[in-house]
Visitor: 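This is the structure I have questions about; it appears just below.
Not measured: the values here are computed from a predicted model.
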Amino acid sequence: MGLYDALNKEQKKAVCQVEGPLLILAGAGSGKTRVLTHRIAYMIDEMGISPWNILAITFTNKAAGEMRERVDRMVEFGADQVWVLTFHSACLRILRRHIDRLGFDNGFAIYDTDDQKAVIKTVCKHLNIDTKAYKERTLLGAISSAKDELISVEEYAMKAQGDYSKAVYAKVYREYQDTLKKNNALDFDDIIVKTVELFKACPEILDSYQERFRYICVDEYQDTNTAQFELVRMLAGKYRNLCVVGDDDQSIYKFRGANIKNILDFEQHFPDAVVIKLEQNYRSTQSILDAANAVIGNNVGRKDKSLWTSKGSGDRIHFRQFDNAYEEAEYIARDIVKKTKNGNASYGECAVLFRTNAQARLLEERMIMEGIPYNVVGGTNFYSRMEVKDVLAYLKTIDNARDDVAVKRIINVPKRGIGNATLDKLDAYAFAEGTSLYGAMEVAKSVDALSKVAGKIRPFVELIAEARRHSTEMTVAELIRYLLEQLNYAEYLEEYDSDSAEDRMENVEELIAKAISYWENAESPSLTGFLEDVALVADIDTVEDGDNRVLLMTLHSAKGLEFPYVYLSGMEDGLFPSFMSIASDDVTDLEEERRLAYVGITRAMEDLTMTCAKSRMTHGEIQYNAISRFVREIPSDLMDEVVPTPKKKIDFADDYLGFDTRPRATVRPKVTAQADKPFIAKGIGSLNQLAGISKGVPAQTDTEIHYAVGDRVKHIKFGEGTVLGLVREPRDYKVTVDFDNAGQKIMYASFAKLKKI
DNA sequence: TTTTACTTCGTTTTT
DNA sequence: CGAAGTAAAA
């Protein structure tokens, strides 16, 4: 049993509890992956359970890959028989075998967000829906939420009766699903939903998988949505050997449909469940854990638990506030330089985390200036680059001719003189005949309405037909090269934009490299398989460890990772917690943000730095933000002292901004909280002045504001309220106030005449 | 049909 | 501010 000696008592208990439902509440850094892998090894080696009967489900490919690797190392024989997959890849394996039972073709395509948008657009066009009144994002959001909750088109229509806009959503939902089916495509949500549908429609198929997967583990269980819960419930329904691992305090995907009730109510669903709590943390210092515990303690309705460590208290948590986001980024970059110069840290041990992707740009610029090697996780996904999407759309068209979205993308790339007019004709014909766009193109020359455009279309149809013939004997990489040559794609890129052509071609080469590595590693490589692989990569999957770079990423991406040195940037009310969550009347929205803060804090092993800026540019406006309430929730004895903000060239701008420039040394952040002190904001000419590049434009307005975000104010009509937002506009300030009685209002400062109380 | 110049609009978070 | 979408011109 030497293998299991390194585990603590609770961990051992979790490893040995193999039969029946089991809930492992695993706090951050409590070694849950170790428990999961040991548990699988224990089942196989000690209990004699066949690897064939084990299913382990995670959320990201990265997590699945790591678990697979560790299981392979630990289990002597048959480890490859264990399914270690993400929800999506597991469902896809099942659907590729059986989806014909639901009337789809087994070679179905997978639609990403862009594809979904394109579908919504055509749906709105066909249904004559004004996309100004009904935003695509909103429509897609409604559809996605419905699917997360397993609400079918029919149910949605039923529930929508009497509600006009819901009825519109219902119509769009129906048409959207019909379009997907016609295109032989599934979106991300469908991958789960259709598997559940399949199991419901075909009990014998469900039974075969129940027999196969007698032992099921689900990681990150707090992130499961209703559809995923139902899937797991069905699969485990027969043998009930279901082990779920999660931490309700790390549930941060509500917006994606994650239902925190799945974990909170696990014991109701499975009354005989064994519950094991893992509270010993092996990652962070006590100070960091104390801070995390203090913050998360403000949430109600959570499973009570408290992390502890046998490590020492470690350094205090650092906190710095800056005048603007540039200085914040500069500080972080220089601090990293300092740490690495000392020889204490390597770049790869540092991570900078933030709430929104938009914050990455500024930080990135600073990293470049200081010569720090870095990687930004996410942001513009490799697979969403124009040139990559073009090539993929060709491959998709070859793979699945019914995929209208792919065809539309490439029909005029490179230019073939096919514009909206031609496309509309084809679309009208295809819609009337119930065929696909490509189907319409194939028969164009023998259709009167299309005969005029048939000539333009022909080369495209011939190219695809020829490529399709080749696709059976070529590897994906060879097929891509063939296409590039036939299309003169390099030339097209050059014409499109000569400056970027080289970079873009490099991206295409990278795609080819990925195709080659797919072909070498896949069990039975195919074009369909490659496209599937590509569709399912998450941002975090592409992170390579060990190349010694500072990682820049969102807090969401950081979940599950750990770093010795962590910077939490943009700790500002309105940014983090987000404006939406502060303004929301649903308190659980703010609690979710707090869990995100908890996730962020607990990423740090040794050293945690929190930073914020008094002002920052947000879509062309200067926003003034108060220090994040989450910073204030940390007891001040855990924080280091606040040193004065480094002042340099920016100094004179203080006159414009009227910022309090008194030294802040030796004052703890709780006391310095910006919102506690009024500042007077005066109009400034432009951001350039802020940066010290004066254009000689004097201050334009004389608006003076005597309150800040977070302050209590009084309005002559609406009464008392709290300032939620303060945004500078060309000649006034836009103030958002949450009034105690009148609710939330947005108004101009010069009219509102608010008084601070 | 394609290019250009202008307006509008938005920011959470992502498998 | 920048992307993306729309209207007008070529």
Side-chain angles (χ1 to χ4, degrees), chain A residues 57-64 85-92 110-114 116-117 121 131-132 135-138 140-141 144 147-148 186-193 220 223-225 227-228 251-258 353-362 377-381 383-384 386 412 415-424 453 456 495-496 535-541 553-560 570 572 574-584 589-590 592-593 595-597 599-600 616-623 686-688 725 727:
Chain A
I57 299 183
T58 63
F59 270 84
T60 65
N61 294 304
K62 187 171 192 276
L85 294 171
T86 65
F87 266 104
H88 293 268
S89 49
C91 287
L92 275 176
I110 300 162
Y111 277 1
D112 66 16
T113 319
D114 286 344
Q116 288 180 288
K117 264 195 211 149
K121 244 184 218 166
T131 49
K132 284 221 172 70
K135 296 261 178 305
E136 290 155 11
R137 264 170 23 100
T138 317
L140 272 175
S144 180
K147 289 182 180 179
D148 289 341
L186 302 186
D187 64 21
F188 282 129
D189 300 317
D190 281 338
I191 293 172
I192 313 292
V193 173
E220 304 282 12
D223 290 333
T224 51
N225 62 29
Q228 287 159 336
S251 168
I252 54 172
Y253 282 107
K254 185 178 160 203
F255 70 93
R256 210 170 64 188
L353 310 181
F354 36 79
R355 180 67 240 266
T356 65
N357 280 119
Q359 289 165 258
R361 187 176 282 188
L362 227 48
V377 178
T380 12
N381 191 301
Y383 293 103
S384 52
M386 175 198 94
N412 202 31
K415 299 254 178 323
R416 299 186 176 91
I418 302 172
N420 275 332
T422 311
L423 202 56
D424 281 347
V453 295
K456 283 193 266 189
E495 265 168 50
Y496 175 80
L536 294 182
V537 286
D539 289 334
I540 197 69
D541 297 336
M553 67 188 124
T554 63
L555 288 149
H556 282 87
S557 296
K559 192 165 68 137
E572 295 148 35
L575 184 63
F576 185 37
S578 71
F579 181 77
M580 299 286 260
S581 68
I582 298 174
S584 165
D589 286 344
L590 193 70
E592 172 131 329
E593 295 281 306
R595 291 193 289 271
L596 197 51
V599 167
R616 90 171 51 233
M617 273 293 228
T618 318
H619 45 92
E621 293 167 317
I622 299 174
Q623 279 223 67
S686 71
L687 183 72
N688 289 337
V727 170

Visitor: Please determine, for the side chain of A/Asn357, which listed nucleotide (B/dT14, B/dC9, C/dG2) has the closest atom?
Guide: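 When the side chain of A/Asn357 is considered, B/dT14 is the closest of B/dT14, B/dC9, C/dG2.
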
Visitor: Quick one: on DNA chain B, does A/Ala358 or A/Arg416 contact a more 5' nucleotide (nearest heavy atom)?
Guide: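 Looking at DNA chain B, the more 5' nearest nucleotide goes with A/Arg416.
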
Visitor: Among the nucleotides C/dG2, B/dT11, B/dT13, which one has an atom lying closest to any side-chain atom of A/Arg355?
Guide: B/dT13

Visitor: Is there a side-chain contact between A/Tyr383 and A/Asp112, using heavy atoms and a 4.5 Å cut-off?
Guide: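 Side-chain contact under 4.5 Å: no.
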
Visitor: Return the pairing partner of B/dT11 with a 3.5 Å limit on both distances, Watson-Crick or G-U wobble; otherwise return none.
Guide: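 By the stated definition (distances under 3.5 Å), nothing pairs with B/dT11.
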
Visitor: With side chains defined as the heavy atoms from C-beta onward, is the minimum distance between A/Leu575 and A/Arg616 less than 4.5 Å?
Guide: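 A side-chain contact under 4.5 Å exists here.
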
Visitor: When we call it a touch if two heavy atoms are under 4.0 Å apart, what does A/Arg595 touch: a base, just sugar-phosphate, or nothing?
Guide: nothing

Visitor: Let me know the distance between CZ of A/Phe354 and P of B/dT12, rounded to the nearest Å.
Guide: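 Going from A/Phe354 (CZ) to B/dT12 (P), I get 16 Å.
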
Visitor: Using a heavy-atom cut-off of 4.0 Å across all strands, would you classify A/Lys62 as base, sugar-phosphate, or nothing?
Guide: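 No contact.
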
Visitor: B/dT14, C/dA3, B/dT1: which one has an atom nearest the side-chain heavy atoms of A/Thr422?
Guide: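 The answer is B/dT1, which lies nearest to the side chain.
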
Visitor: Between A/Phe579 (CZ) and B/dT11 (P), how many Å, whole number?
Guide: 14 Å

Visitor: Which nucleotide in the list B/dT15, B/dT11, B/dT14 gets nearest to the side chain of A/Phe188?
Guide: B/dT15

Visitor: Counting C-beta onward and ignoring hydrogens, is there a side-chain heavy-atom pair between A/Lys559 and A/Tyr253 closer than 4.5 Å?
Guide: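 A side-chain contact under 4.5 Å exists here.
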
Visitor: Paired with B/dT2 by Watson-Crick or G-U wobble geometry, both distances under 3.5 Å: which nucleotide is it?
Guide: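 Looking at the geometry, B/dT2 pairs with C/dA9.
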
Visitor: How many whole angstroms separate atom NZ of A/Lys117 from atom P of B/dG10?
Guide: 13 Å

Visitor: Can you confirm whether A/Lys254 is buried at NZ, in the sense that more than 12 heavy atoms of other residues, nucleotides or ligands lie under 6.0 Å from that atom?
Guide: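 Yes, NZ of A/Lys254 has more than 12 neighbouring heavy atoms, counting only those of other groups under 6.0 Å.
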
Visitor: For A/Lys135, answer base if it contacts any base atom (sugar-phosphate contacts may also be present), sugar-phosphate if it contacts only those atoms, and nothing otherwise; contact means non-hydrogen atoms under 4.0 Å.
Guide: sugar-phosphate

Visitor: Atom CG of A/Leu423 and atom P of B/dT1: how far apart are they, to the nearest Å?
Guide: 10 Å

Visitor: Which of these nucleotides, B/dT14, B/dT15, B/dT11, is closest to any side-chain atom of A/Thr60?
Guide: B/dT15

Visitor: Just how far is it from atom OG1 of A/Thr356 to atom NE2 of A/His556, taken to the nearest 0.5 Å?
Guide: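 The distance works out to 11.5 Å.
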
Visitor: Counting only side-chain N and O atoms of A/Arg137, is one of them less than 4.0 Å from OP1 or OP2 of B/dG10?
Guide: no

Visitor: Send over the distance from A/Phe576 CZ to B/dT12 P, rounded to a whole Å.
Guide: 15 Å

Visitor: Without decimals, in angstroms, what is the distance between A/Asp424 CG and B/dT1 C1'?
Guide: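 To the nearest whole Å, that distance equals 13 Å.
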
Visitor: For the C1' atoms, the ones on B/dT12 and on C/dG5, what distance do you get once it is rounded to whole angstrom?
Guide: 23 Å

Visitor: Is there a side-chain polar atom (N or O) of A/Thr618 under 4.0 Å from OP1 or OP2 of C/dC1?
Guide: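 No, outside the criterion.
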
Visitor: Taking the side chain of A/Phe255 as its heavy atoms from C-beta onward, which of C/dA3, B/dT11, B/dT14 lies nearest to it?
Guide: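 Selected nucleotide (nearest to the side chain): B/dT14.
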
Visitor: Is there side-chain contact between A/Ser578 and A/Arg355, with at least one heavy-atom pair below 4.5 Å?
Guide: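 Answer yes - side chains close enough.
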
Visitor: Which nucleotide sits closest to the side chain of A/Met617: C/dC1, B/dT1, B/dT11?
Guide: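 Among the listed nucleotides, the one closest to the side chain of A/Met617 is C/dC1.
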
Visitor: Using the P atom in both, what is the distance from C/dA4 to B/dT13, to the nearest Å?
Guide: 15 Å

Visitor: Expressed as a whole number of angstroms, how long is the span from A/Met580:CE to B/dG10:P?
Guide: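 From A/Met580 CE to B/dG10 P: 11 Å.
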
Visitor: Report the C-alpha distance between A/Lys415 and A/Glu495 in whole Å, list the side-chain angles of each, state the deciding distance to 0.1 Å, and finish with yes or no for salt bridge (charged side-chain N to carboxylate O under 4.0 Å, His left out).
Guide: CA-CA 11 Å; A/Lys415 299 254 178 323; A/Glu495 265 168 50; over 6 Å; no

Visitor: Pick base, sugar-phosphate or nothing for A/Ser557, based on heavy-atom distances below 4.0 Å to the nucleic acid.
Guide: sugar-phosphate

Visitor: Heavy atoms under 4.0 Å, any strand shown: does A/Lys415 hit a base, just sugar-phosphate, or nothing?
Guide: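 Sugar-phosphate: the residue A/Lys415, judged by heavy atoms under 4.0 Å, touches backbone atoms but no base.
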
Visitor: Output the rounded distance in Å from CG (A/Asn412) to C1' (B/dT1).
Guide: 9 Å

Visitor: Closest-nucleotide mapping onto DNA chain B: is A/Glu592 or A/Ile418 further toward the 5' terminus? I mean the 5' end.
Guide: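 This one resolves to A/Ile418.
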
Visitor: With a 3.5 Å cut-off and just heavy-atom distances, do the side chain of A/His88 and the base of B/dT15 make a donor-acceptor pair?
Guide: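 By the distance-only test, yes, there is a pair.
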
